[in-house]
Structures are given as structure tokens and as C-alpha cells.
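If you're wondering where the values come from, they're calculated on a predicted model, not measured in any experiment. In listed order, ligands and their atoms are each counted from 1.
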Amino acid sequence: MFKSIVVAIDGSDCAKNALDVACDIAQTNGAKLVVVHAPQAETSAFIVGGPMGYHEVLTAPSHIELEETGNKIVAEAAAIAKEKGCDVTTDMHIGDPVRQVLKTAKDNNADLIVMGRRGLGSVASLFLGSTSQKVQHHANCACLTVV
Ligand code: ATP
Ligand code: MG
């Protein structure tokens, strides 16, 4: 039934579950799988080493740091999907995650987007995160949220 599946990941446990579910559905349907991640400066904090020794600084990561972390996250996810026997590719671009997930879905003619219900956000009372919510609102294909 599904031919092209996009799974959106942000490094959270929910997103890991979404990846597992997306792999299962891809295999049952013989679909291709695209892993998408949009690293964001706002959600990252880095430990920076100073000249007088190491100290903790809460600072915005550089473009290169974001890209390195982003590449690592999609590579790890792709390795998991490959190990499960999936036909998987990755898409990683710095920027608004909603826009990026929707673009990846459009570019790949996706018929299903799989996401976690929540992500790395810290507002415990939220039932559905804002990325999930907005993607579902604008998507032109089926969406599945995974707990
Ligand atoms: P909020 O971001 O609104 O504070 P949250 O982080 O708990 O809340 P979402 O951001 O909506 O919730 O995360 C839900 C799912 O959306 C994640 O499990 C993941 O599948 C996807 N997602 C979130 N952020 C990104 C991102 N930067 N790149 C790709 N997918 C993402
Ligand atoms: Mg989030």
C-alpha cells in the first residue's frame, strides 16, 4: 500500500520508536524509507573548552557543529534501518523542522509520514508536540504519530 515513507527524527525516544514503526511498515509494504532530521540551534547546548581549562558555557552551536551532529543523527538512524533490511536514504538540512519534513515528503512523493508524538521539548503537559501538530496540519499524505 505505501510506496514511499518519510520518518522524522530529532534524537528523542519517541522518534526512535517512530523509526522502528516506519521500518516495519516499509518492509511489509516493500516501500522506500527516507530519514529526515533538521538540527536546530535553539535546542542545542554545548560544552566548550576554554584556554584556562574546561568550563561549561551555554552557547549557540556553530553551523558546522549543527551539521556534524545532524549528520550523526541521520547516519545512526540509517544504520538501524539498513540493519533491519530497509531501502533507506537520508535528508538533513538545518532550518525549520516542519518546513523540512514537508519538503522531504514532497520531494520523495511520500504517501506516509511517521513521527513521534512528542520530541525533545520540555513542556510535559503537551499531548502533541508543535512539530508533529504542524506537519499533520499541512501534510498532503497520511501521517502516523508514534508514542
Ligand atoms: P515542542 O518542540 O513543540 O516543544 P516536542 O519537542 O515534545 O515539543 P515535537 O517537536 O513536535 O514535540 O516532536 C515530535 C516529533 O516530531 C519527534 O518525535 C520527531 O518525529 C519530529 N521532530 C521534532 N523535531 C524534529 C526535527 N528537528 N527534525 C526532524 N523531526 C523532528
Ligand atoms: Mg520539538
So if I count the atoms of ligand 1 from 1 in the order they appear, which ones are less than 4.0 Å from some heavy atom of [X]?
| X | result |
| --- | --- |
| S12 | 18 (O) |
| T131 | 9 (P), 10 (O), 11 (O), 16 (O), 22 (N), 23 (C), 24 (N) |
| H37 | 28 (N), 29 (C) |
| M115 | 16 (O), 20 (O), 21 (C) |

Short N or O distance, [X] and ligand 1, threshold 3.5 Å exclusive:
| X | value |
| --- | --- |
| A8 | yes |
| S122 | no |
| P39 | no |
| A38 | yes |
| S132 | yes |

**Residues D20 and K84 bridged, charged N to O under 4.0 Å** =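 The answer is yes: the pair qualifies as a salt bridge.
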May I ask you to identify, for [X], whether its side chain, its backbone, both or neither come under 4.0 Å of ligand 1 on a heavy-atom basis?
| X | value |
| --- | --- |
| A15 | both |
| I9 | backbone |
| L120 | backbone |

So for A18, does at least one of its heavy atoms come nearer than 4.0 angstrom to any atom of ligand 1?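 No, A18 has no heavy atom closer than 4.0 Å to ligand 1.
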